[in-house]
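Data first, discussion second: the structure below is written as structure tokens.
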Amino acid sequence: MNIVLELTEREQEIFDEAMERVDETAAFLAGISHAERLNWLKEHQYSHPISFEREIGGTIYTVNAHFSESATETTEGKVNRILAQNITR
């Protein structure tokens, strides 16, 4: 399935900046040892559980993320499945 998004100029700038940071991080990680990569990833991973609150229009929303230890579906597979169910053509 191919998905094409039309971005505003600002959205494209944000995307380009994010991809530049991803490339820089990947290059950095490729240049260090396996043990150093593991330490770096442990230092930069989200704390568990992932949760936060946001106020939108006077309502406070609480978001909590939970991950199943026995899950068999990949993140990519899940995102593709959700998109396929919710995109109208």
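- Here Arg10 pairs with Glu13 in a salt bridge; the nearest charged N to carboxylate O distance falls below 4.0 Å.
- We find the CD1-CD distance between Ile82 and Gln85 to be 7.0 Å, quoted to the nearest 0.5 Å.
- No continuous path of ILVMFWY side-chain contacts below 4.5 Å connects Tyr61 to Phe52, so the two sit in separate hydrophobic clusters.
- Here Asn80 contributes atom CG and Thr74 contributes atom OG1; the two are 8.0 Å apart, rounded to the nearest 0.5 Å.
- For the residue pair Glu43 and Asn39, no side-chain donor N or O sits within less than 3.5 Å of a side-chain acceptor on the partner.
- In this structure, the separation between CD on Gln12 and CD on Glu17 is 10.5 Å, given to the nearest 0.5 Å.
- More than 12 heavy-atom neighbours from other residues, nucleotides or ligands sit within 6.0 angstrom of CD on Glu55.
- At most 12 heavy atoms of other shown residues, nucleotides or ligands fall within 6.0 angstrom of atom CD in Glu76.
- In this structure, CD on Glu20 lies 12.0 Å from CZ on Phe15, to the nearest 0.5 angstrom.
- Residues Leu41 and Phe28 share a single hydrophobic cluster, defined by chaining ILVMFWY side chains whose heavy atoms lie under 4.5 Å apart.
- Scanning all heavy atoms of the two residues, the minimum distance from Glu11 to Thr8 falls at OE1-N, 2.7 Å.
- In this structure, CZ in Arg81 is found 10.0 Å from CG in Asn86, a value given to the nearest 0.5 Å.
- Residues Val22 and Ile32 are members of separate hydrophobic clusters, defined by side-chain heavy-atom contacts under 4.5 angstrom among Ile, Leu, Val, Met, Phe, Trp and Tyr.
- When every heavy atom of Glu53 is checked against every heavy atom of Thr62, the shortest pair comes out as OE2-OG1, 3.2 Å.
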